[in-house]
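A short worksheet on the structure shown next.
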Amino acid sequence: MTTTHNLGFPRIGARRELKFALESYWKGQSDREELHALGAELRRRHWQQQSALDLVPVGDFSFYDQVLDMSFTLGNLPQRVRNFEGDPLDNYFRVARGRSAEPPEAHGPCSGAVAAGEMTKWFDTNYHYIVPEFDADTAFTLDASRLLEQLAEARAQGVPAKPVIVGPVTYLALGKARDGSDKLALLARLLPVYAQLLEALADAGAEWVQIDEPLLVTELDADWQHAFNLAYHQLKSCRVKLLLASYFGPLAENTYLAANLPVAGLHLDAVYGRDSVLTLIDQLPSHKVVSLGVIDGRNIWKTDLTATLDWLEPLHRRLGERLWLAPSCSLLHVPVDLAAERQLDAELAAWLAFAQQKLEELQVLAVALDEGREAVRDALSTNRAACDSRRRSPRVHRPAVREAVAAIDADLARRRSPYAVRAARQAERLRLPAFPTTTIGSFPQTAEIRQARRRYKAGELDAADYREAMEAEIARCVREQEALGLDVLVHGEAERNDMVEYFGEQLDGYAFSQFGWVQSYGSRCVKPPILYGDIARPRPMTVAWTRYAQSLTDKPLKGMLTGPVTLLNWSFVRDDQPREATCRQLALAIREEVLDLERAGVRVIQIDEAALREGLPLRRAQWRGYLDWAVACFRLSANGVADETQIHTHMCYSEFNDIMASIAAMDADVITIETSRSAMELLDAFEDFHYPNQIGPGVYDIHAPNIPDQAHIVGLMEKAAERIPAERLWVNPDCGLKTRRWEEVIPALRSMVSAAKRLRESIARAA
Ligand code: GLN
Ligand code: ZN
């Protein structure tokens, strides 16, 4: 019989119950017992939903993050929280968020506040984990209580439990040595604690333990390869069977290494890493289990079960009982249950599978392998019909879009003149002072704005009233910016709920779920739009708002768009064509919008690429290919304009050192980036690489409530001017202002504008 199992289940709850429970606990509106009870209830429910599986993950539930859980299990708490005397759960939240609960009153003493752990992306997903902290003295001590309690809980409910942990090599790789010491030197101290943990799990009745080592799909140097060998040879004698799980890509050159690690079984990503599967099976000692992740764990499409069976059946004949089936990775990255959706049309819904549906697909595959396809004939034929309908649907395949993409030639992606010529023409047209000031686009999203948008969506506000409400906000925003004396204004983005959703809702080829939430970090969830078909822009998306805003001022007003790469990277995208093909379609749609804005007289247009860096492949060897098409798509969207039109782009990060050449190749006239938090150190990248165009290093950290003073901003800009000629510098915040309050934004921007004046005066004096 084929063994079915799962690597992890979404823990946030179908209705985001965990999110709301956490936030209420943090606000002091509920107590710890209630939170624990909700956790237990979610685990029970999720185990029940997985009850058809032969092995069910336990320990994948987390109140915040599975990597932080592992740090606590290993006793690796940051030094600054070690002496905490309160409840361990509160200490856990202090590491996660810098505090255990909101301070009793908004401005009261923030008792128990500490620096939060750093957060970063989990491999190439949009999930973020808390980075383990190490130094040369880091010691580990086992605290297996969380895992043992959940294991006991599961066993008491009759769940065929398979504990899940992050493996030692990946755990070390994900952490940061704060003192610059060698993390790998800690492996010898870490392994005995892992050995104790596995013994404790064996004592508690676990037969299999899933040990996650997604690091295996990345490029490993000799030291890290050696670490894998060392680790698993040392854990070899433990009494549980280890299922070593790799996911998010092919094992590629690590196939031999993985095949020969002394573990009882290996899990492989057979969706994103299918190429390595056969090689691995050829190399695998004949007693080992092979778990194949055949259902896409990070996208929302139905699996083509017939095609999957065509591929699996020969492997099943070859491997027999040794073949296990699972989703490619933890289902943490997909929404819980498609059945909850009420507003998706039936045709589209038939193409989709969320976590619950993915487990059902797994079951069908297992039965088909064990008993033959006849045994699941109906399920297979329904599945085939859905896949066929998706393959043929005119909503997915639009000949006009195909033709437009086929007609793209290199000229479309090229500005008419080189930067120097454009800059001169733009300067003449825009007549901006030195150190021009601007913002990144959004202004505070007040409760009234959100309410107006909500009521409009619910049909309680008609289009005219809604327009009036938004125009009033735009007018306020323009008025405030004029009063502040900013140089290039924005309309404020009041009408936008989200920078991707806003465009997705207006483009053909996009759909939206009601409950398709996915955890991004902690209690924060996102609902990625579903990009299912060829992209077309039926009508202008931003022109009316922008034109209205421009009509209120003589200063240049910046049109504001989300770029094609960001639209792609923050959506669930189609899997029936390469990502780059989808991105090109998005680029053409944004290009049309850019040209419409230009025709409407807009002189400055910003195309945000907040998520460009996020799309970088896990393997460096593939970076070049990705960056080439990503940059080409940006250029395609931006470069149809006349020389006089100024193109801006914005990115919410500043690690540019490794992608600088690509950023420059985007050829935006102006780029605004984040830098304020590191006092411009991040601009070091600009010392080695001569960035040719204009740049606005963020001088106001919008992520913090602090209001920067003028001297601070002048200091930052002077630092920037050491690396970039002053005539190419802009003065701006480091991201949009939508999460801040007007009371914070006004004084901060006032400092910014007065800092720019001061900088101009000092240039004038020097001249
Ligand atoms: N223009 C967007 C804003 O100002 C950019 C947001 C972002 O970079 N994440 O909100
Ligand atoms: Zn940003």
Side-chain angles (χ1 to χ4, degrees), residues 404-405 408-419 422 426 440-441 499-500 502-504 507 531 535 537 541-542 558-571 573 578-598 602 604-617 622-643 645-656 658-674 689 691-696 735-736:
V405 169
I408 294 173
D409 68 30
D411 277 349
L412 282 189
R414 217 173 288 134
R415 290 293 288 267
R416 280 159 228 179
S417 308
Y419 167 74
R422 291 170 355 228
Q426 290 160 19
I440 307 304
M499 64 188 286
V500 173
Y502 178 76
F503 291 93
L507 290 167
L531 195 168
I535 293 292
R537 188 201 68 143
M541 304 181 281
T542 64
K558 185 158 64 163
M560 197 59 58
L561 304 173
T562 301
V565 186
T566 299
L567 291 173
L568 182 86
N569 285 343
W570 283 346
S571 304
V573 299
R579 292 172 74 80
E580 79 177 271
T582 305
C583 199
R584 230 174 267 134
Q585 297 181 357
L586 289 163
L588 286 181
I590 296 301
R591 178 186 180 91
E592 290 175 26
E593 187 72 15
V594 167
L595 295 177
D596 275 344
L597 283 170
E598 186 182 52
V602 177
V604 182
I605 300 170
Q606 176 172 313
I607 306 172
D608 290 326
E609 284 293 17
L612 188 124
R613 202 175 200 293
E614 290 190 12
L616 282 174
Q622 290 162 2
W623 280 25
R624 185 75 275 145
Y626 164 76
L627 287 168
D628 284 352
W629 64 251
V631 169
C633 286
F634 177 84
R635 294 176 59 119
L636 188 57
S637 70
N639 286 358
V641 295
D643 289 346
T645 302
Q646 189 169 66
I647 295 288
H648 289 214
T649 189
H650 165 70
M651 294 179 184
C652 299
Y653 44 80
S654 46
E655 306 112 71
F656 284 129
D658 43 7
I659 59 165
M660 194 56 155
S662 299
I663 302 286
M666 289 166 73
D667 200 23
D669 297 304
V670 182
I671 183 172
T672 56
I673 57 173
E674 180 196 311
F689 184 97
Y691 183 77
N693 306 358
Q694 296 164 57
I695 178 159
C735 198

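Applying the salt bridge (Lys or Arg N to Asp or Glu O under 4.0 Å) test to Arg635 and every residue at least two apart in sequence or in another chain returns nothing.
Residue Ile607 comes nearest to Ser637 through the heavy atom pair CD1-OG, 4.0 Å, listed as atom of the first residue, atom of the second, then distance. Pairing each heavy atom of Ser417 with each of Asp643, the nearest pair is OG-OD2, 2.5 Å. Residue Gln606 comes nearest to Ile440 through the heavy atom pair NE2-O, 3.0 Å, listed as atom of the first residue, atom of the second, then distance. Of all non-hydrogen atoms in Pro692 and Tyr419, the two that sit nearest each other are O-CE2, 3.5 Å. Taking all atoms of both residues into account, the shortest heavy-atom contact from Ile663 to Ile671 is CG2-CD1, 3.5 Å. In plain terms, the two heavy atoms of Ala413 and Ala632 that are nearest each other are CB-O, 4.5 Å.
Asn569 places no side-chain N or O within 3.5 Å of a backbone atom of Glu614 that could act as its donor or acceptor partner. Using modelled atom types, no side-chain atom of Glu609 and backbone atom of Thr649 make a donor-acceptor pair closer than 3.5 Å. For Arg416 (side chain) and Gly640 (main-chain N/O), a donor-acceptor pair under 3.5 Å exists by modelled atom type. At least one donor-acceptor pair closer than 3.5 Å links the side chain of Glu593 to the backbone N or O of Met541. Asp608 places no side-chain N or O within donor-acceptor distance of the main-chain N or O of Ala610, the cut-off being under 3.5 Å.
Separating the OG1 atom in Thr566 from the CZ atom in Phe634 is a distance of 9.5 Å, to the nearest 0.5 Å. Cys633 contributes atom SG, which lies 12.0 Å from atom CZ of Arg591 (distance to the nearest 0.5 angstrom). One distance of note links CG of Leu612 with CE of Met666; it measures 5.5 Å at 0.5 Å rounding. Considering CG of Leu597 and CD1 of Ile605, their distance stands at 5.0 Å, rounded to 0.5 Å. In this structure, CD1 in Ile695 is found 4.0 Å from CD1 in Ile673, a value given to the nearest 0.5 Å. To the nearest 0.5 angstrom, Ile535 atom CD1 is 8.5 Å from Leu567 atom CG.
Each side chain to side chain donor-acceptor pair (under 3.5 Å) pair with one or both residues in residues 661-672, not counting sequence neighbours, appears once here: Arg415-Asp669, Arg422-Asp667, Arg422-Asp669, Gln426-Asp669, His650-Thr672, Asp667-Asn693.
You'll find the side chain of Lys558 reaches within 4.5 Å of the side chain of His648, heavy atoms only. Using a 4.5 Å cut-off on side-chain heavy atoms (C-beta onward), Tyr502 and Thr562 make no contact. By the 4.5 Å heavy-atom criterion applied to side chains, Leu531 and Leu586 are counted as neighbours. Side-chain atoms of Val594 and Thr645, non-hydrogen and from C-beta on, never get closer than 4.5 Å to each other. Contact annotation: the side chain of Glu580 never approaches that of Asp628 to less than 4.5 Å [non-hydrogen atoms, C-beta and beyond]. Leu507 places a side-chain heavy atom less than 4.5 Å from the side chain of Arg537. No side-chain heavy atom of Tyr626 sits under 4.5 Å from any side-chain heavy atom of Arg579.
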Yes or no on side chain to side chain contact (heavy atoms under 4.5 Å, CB included) for Val641 and Leu595, after CA distance, side-chain angles and deciding distance? CA-CA 7 Å; Val641 295; Leu595 295 177; 4.3 Å; yes
